[in-house]
Amino acid sequence: MKTVKLSNGVEMPMEGFGVFQIPEEDCEQVVGDAISVGYRLIDTASSYQNEKAVGRAIAGCGVPREELFITTKAYIQQMGYENTKRAFQESLDNLGLTYLDLYLIHWPRPDLERSDWKELDARVWDCLQELYQQGKVRAIGTSNFLPHHLMNLAARGGLLPMVNQLEYHPGYLQSAAVQYCRENHIQVSAWSPLGRRRLMDDPLLSEIAAAHQVTVPQICLRFALQNGVLPLPKSSSPKRMRENLDLFRFSLSQEEMSWIATMPQTAWSGEHPDRERAVLS
Ligand code: NDP
């Protein structure tokens, strides 16, 4: 698995495996399959309610802990300095780990009615920085943070997030947020990199996929990689897990990249951190 170097020097696998909506009872098997086909980065969250199963898969997979890269996230009810500290320990215990590779603030605003989100985010970020300084987590970051949310953290001084996880796929490229991250050495990772299947029949992507004799998901993932964005596809099938890793025997031309980058906005989940209550993920 190729890696990218984060701003603090930590190497992060260039592609990861997401476990949102994998039920607890299936998750140990699915994550075990993902690790055996070659994934080393597993992306979970306390809100997915499958951390314990991820932990069992890690314990039973036979791959040394230091070769894995485990991410989890503090959810909206877990925000606050003391709350997040407790949540971090709970996640660590659920996963059966002594350290995490990456810990993220899941959403910038727990509740759209709360006007003190800037202060709250800053307190959670203080907590993450402390966990990082104590060596309990190798990298810290955010998820669903747009430039104004990131600017709020930056204004406090201290560390900037090393990673920001965003919804990112053809048809929803969040260019302003991605550009801000690039300018500030924040690695972008892509949630729903396949548009949660909503892109499967897109005519442009289908045409490009046919030209390369690959599938539409492979085009979506290759597009992210060529833009320096780290995709986190989810699949419950070992065949599709393998397909989603098979991205290095073709490349997209500049023209194809431009076609995809300029396609109409489509396949958006509808989840916006300033407009929607974060209930889905
Ligand atoms: P994806 O874009 O990864 O799409 C997953 C869907 O695509 C599943 O239905 C899967 O079906 C299908 N699929 C996967 N590979 C293929 C393939 N090769 N061919 C056909 N169908 C395929 O969506 P997710 O929303 O799951 O996002 C991925 C990860 O991102 C999550 O699991 C989670 O870790 C993270 N995430 C983070 C969020 C955040 O707020 N930070 C929000 C949402 C997701 P099947 O399982 O049957 O293969």
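When a residue number appears, it is its place in the shown sequence, counting from 1. Both ligands and their constituent atoms are indexed starting at 1 by order of listing. Computed from a prediction, not measured in an experiment: that's the story for all the values here.
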Mind telling me whether Phe88 and Tyr103 have parallel, tilted or perpendicular rings, with 30° and 60° as the class edges?
perpendicular

Report the relative orientation of the aromatic rings in Trp117 and His149; use parallel for angles under 30°, tilted for 30 to 60°, perpendicular for over 60°.
perpendicular

Heavy atom of [X] under 4.0 Å from ligand 1?
X: Met200; value: yes
X: Phe17; value: no
X: Asn244; value: yes

Is the shortest side-chain heavy-atom distance between Ile260 and Ile208 below 4.5 Å?
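When only atoms from C-beta onward are counted, Ile208 and Ile260 do touch, with a gap below 4.5 Å.
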
Beyond-backbone contact of Leu199 with Met263, side-chain heavy atoms, under 4.5 angstrom
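The answer is yes; the side chains approach within 4.5 Å.
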
Taking non-hydrogen atoms only, is [X] closer than 4.0 angstrom to ligand 1 via side chain, backbone, both or neither?
X: Ser143; value: side chain
X: His106; value: side chain
X: Pro193; value: both
X: Leu104; value: neither
X: Glu243; value: side chain

What's the shortest heavy-atom distance between Val37 and Pro238, and which atoms?
CG1-O, 4.4 Å

[X] heavy atoms, cut-off 4.0 Å: which ligand 1 atoms fall inside?
X: Gly195; value: 2 (O)
X: Leu232; value: 28 (C), 29 (C), 30 (O)
X: Asp43; value: 33 (C), 34 (O), 35 (C)
X: Pro217; value: 17 (C), 18 (N), 19 (N)
X: Gln165; value: 35 (C), 36 (N), 37 (C), 38 (C), 39 (C), 41 (N)

Could you point out which residue of Thr84, Leu120, Leu153 forms a side-chain contact (heavy atoms from CB on, under 4.5 Å) with Trp125?
Leu153

Glu11 and side-chain contact (heavy atoms from CB on, under 4.5 Å): which single residue from Leu6, Asp101, Thr3 fits?
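When Leu6, Asp101, Thr3 are each tested with Glu11, the side-chain contact (heavy atoms from CB on, under 4.5 Å) holds only for Thr3.
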
Going from CD on Glu90 to OG on Ser46, what distance comes out if it is rounded to the nearest 0.5 angstrom?
8.0 Å

Closest to atom 40 (O) of ligand 1 among Asn144, Val19, Thr44 (heavy-atom distance)
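Result: the heavy atom closest to atom 40 (O) of ligand 1 is in Asn144.
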
So which of Ser192, Ser237, Pro238 gets nearest to atom 27 (O) of ligand 1, if we judge by its closest heavy atom?
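Looking at heavy atoms only, Ser192 sits closest to atom 27 (O) of ligand 1.
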
Does NZ or CZ of Arg65 lie under 6.0 Å from the centre of the six-membered ring of Tyr99, at an angle within 45° of the ring axis?
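Positive - Arg65 is close enough to the ring of Tyr99 and near enough to its axis.
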
